[in-house]
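See below for the structure under consideration.
The analysis underlying the following values was restricted to heavy atoms, covering all of them including side chains, and did not include hydrogens, waters or symmetry mates. Quick note on labels: first sequence line is chain A, next is B, and so on, each numbered from 1.
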There are 2 protein chains.
Amino acid sequence: MSAVSPLAVPPDSLFGVRNLPYGVFSTADDPRRRLGVAYGDHVLDAGRAAEATGAPTDLAAVLSAPGLGPLLAAGRPAWTRVRAALTEWLTAERYRAAVEPCLVPRSRTVPHLPFDVADYVDFYASEHHASNVGRIFRPGAEPLTPNWKHLPIGYHGRAGTVVVSGTPVVRPSGQRKAPADPAPDFGPSRRLDIEAEVGFVVGTPSPLGARVALADADAHVFGVCLVNDWSARDLQAWEYVPLGPFLGKSFATSVSPWVVPMDALAHARTDPPARGAEPLPYLDDRAAEPPYGLDLALEVRLNGHLVSRPPFSTMYWTYAQMLAHMTVNGASLRTGDLYASGTVSGPAPDTRGSLIELTWNGEEPLTLPDGTTRSFLEDGDEVTISATAPSLDGTRISLGEVTGRIEPAR
Amino acid sequence: MSAVSPLAVPPDSLFGVRNLPYGVFSTADDPRRRLGVAYGDHVLDAGRAAEATGAPTDLAAVLSAPGLGPLLAAGRPAWTRVRAALTEWLTAERYRAAVEPCLVPRSRTVPHLPFDVADYVDFYASEHHASNVGRIFRPGAEPLTPNWKHLPIGYHGRAGTVVVSGTPVVRPSGQRKAPADPAPDFGPSRRLDIEAEVGFVVGTPSPLGARVALADADAHVFGVCLVNDWSARDLQAWEYVPLGPFLGKSFATSVSPWVVPMDALAHARTDPPARGAEPLPYLDDRAAEPPYGLDLALEVRLNGHLVSRPPFSTMYWTYAQMLAHMTVNGASLRTGDLYASGTVSGPAPDTRGSLIELTWNGEEPLTLPDGTTRSFLEDGDEVTISATAPSLDGTRISLGEVTGRIEPAR
């Protein structure tokens with residue numbers, strides 16, 4: 001046994017006390033799902049820690065739940081109190097004896113979906129991504145549609161197929177038709193892609209018929225996770241006119257197991273990029289302080305090989321604008337709503353967040369270190385998206401990672 | 001007190017023993033949500049009846065739940081047993097004394113959403129509707145998109161804003177831009193519309209990565225309800241390229257309170273219309289016996305005035321094809337998934353299921369009996385969609401109705 005306490009995590013660790021992301025885990029010898037907090041190389045069993053430290057009843061109740069739902073629903077004042085309590089339990093010497101036994105080595109934990117996804121919405125908020133896709137599919141035409149700079153374009157995805165990182169992704173089958181084909185045929189997707197995205201988790205609900213103003217976004221949004229919006233480009237291309245993506249997306253959407261609270265991202269706030277259009281008042285964030293941009297540095301790895309570094313700070317539309325837009329028609333929010341940013345792509349070729357952009361629709365395949373090339377994903381390929389964000393004093397915190405491996409079509 | 005027993009409902013009643021639709025209700029003096037079965041002018045308190053009749057424990061458990069969920073999840077064999085038990089309780093003389101006190105006058109009940117909607121998908125399965133919309137928006141061009149006869153086009157909607165019949169619908173606000181306007185403005189929708197649809201309620205789930213074959217549809221689909229897919233045409237027109245409808249639909253979708261089990265629709269089975277394209281094998285229903293078409297006769301009333309009689313029997317794509325398509329990429333089903341047919345429109349002008357078709361994009365307004373005209377909905381307007389289906393011996397059963405009144409924008 002090492003004599004080093006699992007509590008001895010330096011404050012500048014990626015999973016140190018400045019981060020404290022929430023997830024749900026079980027272990028081989030205890031299959032109960034429990035709320036956990038990533039800390040160093042361990043996971044704090046939050047319910048057990050609440051009991052061991054004699055936490056107030058209301059905090060103990062949300063931390064002893066088998067999922068994040070009750071904490072999400074408890075609202076921002078509770079989120080602040082819970083975070084303060086966790087910080088104290090993990091750092092104050094007087095809690096050491098009580099808390100140390102509540103830390104489980106992360107390698108021994110099995111992650112689960114951290115919350116029940118209510119509605120899932122996917123946006124399209126990167127100007128570079130939308131422009132790239134426009135150039136690929138409509139060469140010679142204006143890359144962005146006329147509405148793009150007036151509203152954050154989004155659509156609803158399938159909440160029931162949001163899965164936790166590590167879940168295998170079965171190659172989807174469906175109708176495929178190239179423009180020159182006389183009719184569609186049926187079979188496994190030949191153009192299976194990824195989309196590196198950031199997801200936002202709604203805690204506080206809102207009533208039907210009311211709007212959530214930009215300035216109220218932080219009262220509703222609990223935190224962020226990483227999202228891989230797997231996309232079958234051939235299925236999508238054939239089906240999406242006129243009602244949008246459906247089976248090209250709905251077979252699986254993977255999310256990272258750790259939800260990083262917005263409170264951990266205070267040092268990642270940054271001004272969004274300059275916009276090219278006057279916003280309507282409900283989307284006008286020019287006076288927002290702090291700003292709603294987030295300086296998250298993503299990395300995309302294909303079979304372990306770094307293929308892209310998408311910068312979230314380049315996103316045109318912010319999480320607050322997406323939320324204000326999503327509710328401006330009176331649509332209600334529910335605890336557990338998840339909305340994702342859309343593919344994060346920066347201006348440089350090696351910062352694009354999808355293979356269709358990185359390989360320019362397959363015309364410029366990627367070469368991997370083993371000498372093989374990729375236009376789209378092959379069976380057995382594993383994609384991992386990770387991210388970090390600036391924290392106090394030039395240190396960084398981690399958003400963890402979302403990973404998935406492609407299984408052959410059935 | 002009348003001496004007539006509430007059990008004395010003629011078998012050919014619209015809510016007679018051949019129907020027995022399920023819903024959730026409460027009453028003014030007992031706000032608990034309970035599972036109910038519509039019968040004549042009454043609602044059977046199903047949990048209370050199970051207790052009073054000494055039903056087997058498993059049936060009593062699903063009938064005593066505060067929603068349809070446990071019954072939906074129990075699967076087809078349980079659905080058959082429950083229906084047989086209800087039929088016996090309501091018709092056999094030996095149960096009369098036990099069951100009579102469990103019947104509550106329907107006028108005294110408050111309906112609630114009958115089940116928690118998991119994912120909501122909206123299809124576009126009427127050839128007449130899709131052709132009308134194509135002619136209105138793309139005059140001179142081919143009315144149907146090239147994919148239309150190859151696959152049932154669909155998209156995910158917002159499950160969290162599915163509301164029960166009677167819930168007021170607040171006029172949504174959003175971005176409006178006519179083609180000639182230089183930029184969008186913001187304000188209440190000026191083109192608020194309805195879509196008369198039929199919804200299908202999934203009971204039995206399916207695992208991720210597996211497909212549900214056409215022939216297995218009835219093992220998964222529990223029953224049908226009526227759906228009004230309220231649509232803000234101006235918001236929708238500006239936002240929907242390229243990712244489909246979003247805020248133009250997500251403000252509210254109303255459903256009827258009574259879910260009619262597929263078992264009650266055995267006499268409504270009919271051949272779907274002749275199709276103009278060879279189906280891919282997973283959608284080929286030409287050998288299906290009984291066929292998957294359903295002869296449901298819808299009626300749409302605006303402020304009480306009958307404005308349309310959409311015939312569901314004219315739908316190109318059936319509920320079984322929609323289900324097979326929705327899962328062919330391996331997307332899983334969850335108990336409580338709801339998928340709707342899309343607007344039901346027949347070939348004749350007075351059988352169209354939306355105002356944009358009935359008024360041909362406002363060019364031919366409807367005249368109501370009070371002398372006023374409508375292109376789209378005004379504040380205070382009430383829309384009611386009802387339907388009946390053939391049953392045994394030339395009688396009909398009712399699918400009830402879905403109604404909603406427009407409240408002014410906030």
Please report the closest heavy-atom contact between A:Gln175 and B:Leu283, naming both atoms and the distance. NE2-CD1, 3.8 Å
From B:Thr167 OG1 over to A:Leu208 CG, what is the distance, rounded to the nearest 0.5 angstrom? 8.0 Å
Proximal component of A:Leu243, with respect to chain B [non-hydrogen, under 4.5 Å]: both
Which atoms of A:Tyr282 are under 4.5 Å from chain B, going by heavy atoms: the side chain, the backbone, both sets, or neither? side chain
Does any heavy atom of chain B fall under 4.5 Å from the side chain of A:Pro205, the backbone, both, or neither of them? neither
Given side chains that start at C-beta, do those of B:Asn147 and A:Tyr240 come closer than 4.5 Å, heavy atoms only? no
In terms of heavy-atom pairs under 4.5 Å, which option from B:Ser189, B:Pro188, B:Pro245, B:Gly174 contacts chain A the most? B:Pro245
Would you mind checking which part of B:Asp122 comes under 4.5 Å of any heavy atom in chain A, side chain (CB onward), backbone (N, CA, C, O), both or neither? neither
Does a donor on one side chain sit under 3.5 Å from an acceptor on the other, for A:Ser250 and B:Asn329? yes
Max heavy-atom pair count under 4.5 Å with chain A, selected residue of B:Ala409, B:Pro184, B:Pro281, B:Gly248: B:Pro184
Any side-chain to backbone donor/acceptor pair from B:Arg410 onto A:Gly330? Under 3.5 Å, distance only. no
For A:Asp116, is it the side chain, the backbone, both or neither that has a heavy atom under 4.5 Å from a heavy atom of chain B? neither
Indicate yes or no: at least one non-hydrogen side-chain atom of B:Tyr120 is less than 4.5 angstrom from one of A:His156. no
Pair count under 4.5 Å, heavy atoms only, with chain A: among B:Pro146, B:Ala252, B:Ala183, B:Ala232, highest is B:Pro146
When the 4.5 angstrom heavy-atom criterion is applied to A:Arg171 and chain B, the contacting part is neither
Where does B:Val133 contact chain A at under 4.5 Å (heavy atoms): side chain, backbone, both or neither? neither
Counting only heavy atoms closer than 4.5 Å, note whether B:Phe123 contacts chain A via side chain, backbone, both or neither. side chain
Would you mind telling me which of B:Lys249, B:Met326, B:Glu278, B:His325 has the largest number of heavy-atom pairs within less than 4.5 Å of chain A? B:His325
Smallest heavy-atom separation, A:Ile153 atom then B:Pro242 atom, equals CD1-CD, 3.9 Å
Keeping B:Arg158 on the side-chain end and A:Ser332 on the backbone end, is there a donor-acceptor pair under 3.5 Å? yes
Could you tell me which of A:Ala210, A:Pro172, A:Pro168, A:Gly160 has the largest number of non-hydrogen atom pairs under 4.5 Å with chain B? A:Gly160
Is the shortest side-chain heavy-atom distance between A:Arg211 and B:Ser173 below 4.5 Å? yes
Atom NE2 of A:His150 and atom CH2 of B:Trp238: how far apart are they, to the nearest 0.5 Å? 4.5 Å
Donor-acceptor pair between B:Tyr155 and A:Glu239 side chains, under 3.5 angstrom: no
Please look at B:Val163 and chain A and tell me whether the side chain, the backbone, both or neither of the residue comes under 4.5 angstrom of a heavy atom of that chain. side chain
If you tally heavy-atom pairs under 4.5 Å between each of B:Gly154, B:Ala118, B:Gly209 and chain A, the highest tally belongs to B:Gly154
So, the part of A:Thr145 with a heavy atom under 4.5 Å from chain B: the answer is side chain
Among the listed options B:Thr161, B:Leu280, B:Val170, the residue most often paired with chain A at heavy-atom distances under 4.5 Å: B:Leu280
